[in-house]
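Working notes, structure below.
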Amino acid sequence: MKIHYSNEVQSALNDHKPILALESTIIAQGMPYPQNLEFAQQAESICRDQGAVPATIAIINGEVCVGLEKDQIELIARDPSVKKISRRELGLVLFEKWHGATTVSATMHIARSSGIRVFATGGIGGVHWSAEETFDISEDLLALGSIPMVVVSAGAKAILDIGRTLEYLETLGVAVVGYKTSEFPAFYSRHSGFHGIHQVDSAKHIARMYRNHTGCGLHSALLVANPVSEKDEIPARDIEDIIAAACTSAQEKNISGKKLTPYLLAEIVRATGGRSLETNRALALNNVGLGAKISREVHK
Ligand code: PSU
Ligand code: MN
């Protein structure tokens with residue numbers, strides 16, 4: 001795979017500086033313009049403040065880009081022709097010379113090929129409600145099962161069946177730890193009701209655990225579940241009905257496949273009058289902050 005590195009990322013690679021991978025589907029399909037652009041810029045500056053070099057990953061004109069220039073981030077944030085690209089579609093988007101925003105699975109693949117070991121997202125994809133009928137299970141899970149990186153996420157998106165997502169993560173051999181919690185967080189909310197995951201309290205310990213994980217010859221990811229802060233969360237009881245209504249509305253409109261997650265997120269933003277967008281931004285930035293700290297520890 002031919003990769004184009006931004007100047008900033010190229011010099012970080014040369015100088016062996018800590019780098020944090022960031023995805024672009026959260027920008028192009030996960031949030032509306034202009035809040036998405038503001039988010040993408042904030043994510044990069046938080047990362048730099050924490051002492052890591054941000055590598056936002058996307059496909060521009062069929063070229064794999066690790067680290068984006070200002071105008072490229074703007075393109076991803078506002079050009080409606082930017083497609084949502086998961087790992088299996090990489091060859092296709094390169095061949096067609098399209099613009100592509102990379103999901104967790106595609107971002108992990110590219111980051112790993114660049115030698116980047118730590119990645120922060122908002123919430124990973126997983127097993128959707130009614131997956132027993134629709135078979136809608138995100139390729140993110142397979143990438144987590146097969147790429148040995150540290151991935152920081154606010155649990156799994158609350159639009160998913162979290163219990164089944166956790167079971168599937170086990171099947172795939174993904175190591176799951178909670179940052180300062182033993183309860184798997186539910187994206188917008190700190191609590192999911194799924195207790196008993198291993199708690200880790202510092203970036204240093206996560207980096208050590210990751211070294212042990214890969215040292216055992218394991219090729220799966222270490223998923224760090226990082227709950228949104230109390231002040232930014234939407235308690236589960238306030239959002240449950242809204243999520244259920246969004247899922248019903250998607251069913252009625254026959255929205256499925258890769259359109260489903262962006263549709264549900266947008267519906268929830270509409271139904272909460274923008275509150276869920278604020279929470280999404282806060283939780284993703286929180287993950288970037290922790291991801292940058294872990295990346296520094298991993299690079300020591
Ligand atoms: N986190 C967010 N918003 C998002 C995503 C993550 O806060 O939009 C994206 C990620 O790119 C993830 C994708 O890979 O949602 C999952 O899509 P799907 O359910 O179609 O696999
Ligand atoms: Mn899907």
Side-chain angles (χ1 to χ4, degrees), residues 21-33 35-36 39-40 42-43 56-59 76-77 82-90 100-111 119-145 147 149 151-162 164-165 168-169 185-189 221 223 225-228 232-234 239 243 246-247 250-251 255-269 276-288 291:
L22 302 170
E23 57 138 322
S24 46
T25 290
I26 187 174
I27 306 169
Q29 283 86 21
M31 296 180 188
Y33 181 82
Q35 288 92 338
N36 61 350
F39 159 76
Q42 263 183 315
T56 306
I57 293 177
I59 319 288
I76 292 295
V82 174
K83 296 193 166 42
K84 176 179 168 186
I85 298 298
S86 64
R87 180 173 59 171
R88 68 170 178 158
E89 294 158 316
L90 282 171
T102 50
T103 64
V104 167
S105 66
T107 305
M108 286 179 75
H109 180 80
I110 296 166
F119 164 40
T121 178
I124 57 161
V127 181
H128 280 267
W129 292 109
S130 316
E132 68 273 27
E133 283 161 27
T134 62
F135 272 59
D136 192 345
I137 299 173
S138 177
E139 192 181 356
D140 290 357
L141 296 182
L142 295 177
L144 288 162
I147 303 176
M149 294 182 71
V151 178
V152 186
S153 166
K157 284 202 262 309
I159 53 174
L160 301 168
D161 184 329
I162 291 180
R164 285 184 171 137
T165 300
Y168 212 117
L169 286 166
F187 198 64
Y188 302 121
S189 324
L223 178 65
N226 182 31
V228 62
D232 292 312
E233 82 161 333
I234 307 179
I239 198 146
I243 292 172
C247 291
Q251 248 174 352
I255 292 166
S256 62
K258 64 202 272 179
K259 293 210 166 77
L260 180 61
T261 293
Y263 175 81
L264 293 174
L265 293 175
E267 263 298 290
I268 295 165
V269 171
S276 71
L277 181 58
E278 264 314 299
T279 300
N280 196 348
R281 195 172 68 117
L283 67 85
L285 295 177
N286 190 37
N287 294 342
V288 171

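All heavy atoms count here, side chains included; hydrogens, waters and symmetry mates do not. Whatever order the structure lists them in is the order used to number ligands and atoms, beginning at 1. Please read all numbers here as calculations on a predicted model, not as lab measurements. This chain uses plain numbering: 1 for the first residue, then up along the sequence.
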Among Glu89, Glu139, Gln29, exactly one meets side chain to side chain donor-acceptor pair (under 3.5 Å) together with Lys258. Which residue is that? Glu89

Positive for side chain to side chain donor-acceptor pair (under 3.5 Å) with Thr102, one of Thr107, Thr56, Thr25: Thr107

Interatomic distance, Ile255 atom CD1 to Cys247 atom SG [nearest 0.5 angstrom]: 11.5 Å

Neighbouring residues of ligand 1, heavy-atom cut-off under 4.0 Å: Glu23, Thr25, Ile26, Gly30, Lys84, Thr103, Val104, Thr121, Gly122, Gly123, His128, Ser138, Asp140, Lys157, Phe187, Thr261, Leu265, Asn280

Taking [X] for its side chain and [Y] for its backbone only, find out whether a donor-acceptor pair lies under 3.5 Å.
{"X": "Ser153", "Y": "Ala225", "result": "no"}
{"X": "Asn287", "Y": "Gly122", "result": "yes"}
{"X": "Asn36", "Y": "Ala77", "result": "yes"}
{"X": "Ser105", "Y": "Ser86", "result": "no"}

I would like to know whether Phe119 and Ile57 meet side chain to side chain contact (heavy atoms under 4.5 Å, CB included); could you show each step before the answer? CA-CA 10 Å; Phe119 164 40; Ile57 293 177; over 6 Å; no

Is there side-chain contact between Val228 and Phe187, with at least one heavy-atom pair below 4.5 Å? no

Within a distance under 2.8 Å of the Mn ion (ligand 2), the protein atoms of type N, O or S are Asp136 OD1

